[in-house]
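Below is one structure, written out as structure tokens; comments come after it.
As the structure is a prediction and not an experimental result, all values here were calculated from the model.
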Amino acid sequence: LGGLARKATLIDTHTQAEGWDAALVLDSGDLLYDQFKLDTARSAEIAATADFLIEQYNAIGCHGFTPGDRDLLLGHEHLAKLRKKSKFPWILSNVVDGETGEPVYEGHVIHDVEGVKVGLFGLVVASGAVQQQVEAAGWKLVDPLESAAAQITALRDEGADVIVLLSHLTEKEEELLAKQVPGITVILGGNNARLIQHPQKIGYTYIAESFSKGKYVSAFVLHAWKGA
């Protein structure tokens with residue numbers, strides 16, 4: 001957690017040095033908890049850590065967060081309290097309410113970045129832990145390809161110029177999305193612990209990932225031209 005101060009400083013100094021007045025700070029999951037199983041003996045410590053992380057991300061100025069499979073281990077009631085404290089959107093498109101079919105968090109978000117509309121949506125892997133938490137909350141998981149297609153259509157209808165997927169999927173799922181679902185500009189991965197220093201490109205889609213547990217900060221720079 002001591003790295004959060006360095007992360008905030010790095011983001012501030014780098015954006016100022018590059019003259020990026022409108023950079024987006026994004027997180028693709030496993031922010032709030034870092035283990036594969038919930039240690040109930042450490043509940044108070046885990047809750048305090050998650051609260052602290054939300055406070056720090058509020059201070060940094062996060063623009064979008066997609067909960068990962070380990071985040072979901074905290075349970076829907078605890079997550080609801082954390083989300084209420086957050087000053088940034090929680091974006092998760094393929095986990096929906098079991099009755100209404102609507103995403104339990106934000107299905108997608110659009111940020112206007114110096115006149116460029118950047119659309120964000122998020123997807124989480126269908127691991128056993130996710131399935132268990134989803135069922136306990138009365139939610140339902142939607143196939144990532146189906147959810148992606150629906151969110152891309154909605155974002156385009158709302159005028160998005162660029163579409164970014166905050167992905168907590170497997171590497172194979174990300175590659176499949178890039179190949180089979182047109183319209184994704186960038187996939188920012190957060191599940192596979194890959195340190196991709198130079199973005200992978202599949203078709204018209206770029207894939208990048210910053211290893212794991214917040215150890216690295218990646219800067220993905222997009223150049224947009226009018227009419228492009």
Side-chain angles (χ1 to χ4, degrees), residues 24-33 36 62-74 76 79 83 86 88-98 100-111 118-135 137 139-158 160 162-194 196 199-200 202-212 218 220:
L24 297 180
V25 179
L26 306 168
D27 192 291
S28 295
D30 286 351
L31 166 67
L32 305 172
Y33 188 60
F36 289 107
C62 181
H63 296 88
F65 161 61
T66 289
D69 54 330
R70 302 185 200 187
D71 298 315
L72 293 176
L73 285 173
L74 298 181
H76 67 282
L79 292 173
R83 185 189 180 199
S86 302
F88 50 89
W90 290 34
I91 309 166
L92 187 54
S93 314
N94 67 322
V95 176
V96 302
D97 184 276
T100 67
E102 294 296 318
V104 296
Y105 300 129
E106 299 287 343
H108 61 266
V109 170
I110 293 180
H111 288 288
V118 180
L120 308 174
F121 73 102
L123 299 171
V124 69
V125 65
S127 68
V130 171
Q131 292 277 8
Q132 185 178 6
Q133 294 300 321
V134 164
E135 290 174 6
W139 299 341
K140 185 171 68 173
L141 270 169
V142 179
D143 178 77
L145 272 70
E146 177 186 339
S147 181
Q151 294 302 326
I152 290 167
T153 298
L155 285 165
R156 289 298 186 200
D157 287 346
E158 293 175 29
V162 171
I163 294 179
V164 177
L165 165 59
L166 302 182
S167 168
H168 208 82
L169 300 172
T170 66
E171 182 178 346
K172 288 184 178 180
E173 286 174 319
E174 290 174 352
E175 292 177 353
L176 192 63
L177 278 166
K179 292 174 182 176
Q180 296 191 8
V181 183
I184 304 173
T185 311
V186 184
I187 296 174
L188 299 179
N191 184 49
N192 301 299
R194 294 188 294 167
I196 303 178
Q200 176 185 1
I202 298 178
Y204 294 99
T205 300
Y206 292 94
I207 301 175
E209 188 162 355
S210 304
F211 197 53
S212 69
S218 288
F220 193 100

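Atom OH of Y206 sits in a sparse spot, with 12 or fewer heavy atoms from other residues, nucleotides or ligands closer than 6.0 Å.
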**Study point:** side chain to side chain contact (heavy atoms under 4.5 Å, CB included) between Q133 and W139, intermediate numbers included
**Key:** CA-CA 8 Å; Q133 294 300 321; W139 299 341; over 6 Å; no
Practice item. Begin from the C-alpha positions of V134 and V95 and carry the test side chain to side chain contact (heavy atoms under 4.5 Å, CB included) through to its verdict. Key: CA-CA 8 Å; V134 164; V95 176; 4.1 Å; yes
Check your understanding: Could you go step by step and tell me if N94 and D143 meet the side chain to side chain contact (heavy atoms under 4.5 Å, CB included) rule?
Key -> CA-CA 7 Å; N94 67 322; D143 178 77; over 6 Å; no
Exercise for review: Check step by step if side chain to side chain contact (heavy atoms under 4.5 Å, CB included) holds for S167 and L123.
Suggested key: CA-CA 5 Å; S167 168; L123 299 171; 5.6 Å; no
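Under the side-chain hydrogen bond (donor to acceptor under 3.5 Å, both in side chains) criterion, Q132 pairs with no residue at all, not counting sequence neighbours. Among residues two or more places apart in sequence or in another chain, the ring pair (Phe, Tyr, Trp, His ring centres under 6.0 Å) test is passed with F121 by none. Evaluation of the salt bridge (charged side-chain N to carboxylate O under 4.0 Å, His left out) rule for E158 yields no partner, not counting sequence neighbours. Applying the ring pair (Phe, Tyr, Trp, His ring centres under 6.0 Å) test to H108 and every residue at least two apart in sequence or in another chain returns nothing. Listed by chain and number, the residues in a side-chain hydrogen bond (donor to acceptor under 3.5 Å, both in side chains) with D27 are Y57 (sequence neighbours excluded).
Side chain of D69 to backbone of V130: no donor-acceptor contact under 3.5 angstrom is found. Side-chain atoms of Q180 do not come within 3.5 Å of backbone N or O of L177 as any donor-acceptor pair. A donor-acceptor distance shorter than 3.5 angstrom exists from the side chain of T205 to the backbone of I184, with no hydrogens or angles considered. Within the 3.5 Å criterion, the main-chain N or O of G122 finds a donor-acceptor partner in the side chain of S93. Although no hydrogens or angles enter the test, the distance criterion places a donor-acceptor pair under 3.5 Å between the side chain of T100 and the main chain of E102. Here the side chain of E173 pairs no donor or acceptor atom with the backbone of P144 at under 3.5 angstrom.
No side-chain heavy atom of L120 sits under 4.5 Å from any side-chain heavy atom of I110. When side chains are defined from C-beta on, F65 does not count as touching L92, because their heavy atoms never get closer than 4.5 Å. Using a 4.5 Å heavy-atom cutoff, the side chains of L188 and V164 are in contact.
Evaluation of the salt bridge (Lys or Arg N to Asp or Glu O under 4.0 Å) test over residues 174-184, restricted to residues two or more places apart or in two chains, returns E174-R194.
Across T66, V109, D71, L79, a single residue satisfies side-chain contact (heavy atoms from CB on, under 4.5 Å) together with W90, and that is L79.
Here the closest non-hydrogen pair linking P67 and V124 is O-CG2, 3.8 Å. Residues S28 and H168 share a closest heavy-atom pair of O-ND1, 2.9 Å. Here the shortest heavy-atom pairing between A178 and I207 reads CB-CD1, 4.5 Å.
Of the inter-residue distances, the one linking T153 atom OG1 with Q151 atom CD reads 9.0 Å to the nearest 0.5 angstrom. Going from atom CG of L169 over to atom CG of L176 covers 10.0 Å, rounded to the nearest 0.5 Å. Between the CG atom of L73 and the OG atom of S127 there is a distance of 7.5 Å, given to the nearest 0.5 Å. Here I91 contributes atom CD1 and H63 contributes atom NE2; the two are 11.0 Å apart, rounded to the nearest 0.5 Å.
Geometrically, R83 does not engage Y105 in a cation-pi contact defined by less than 6.0 Å to the ring centre and at most 45° from the axis.
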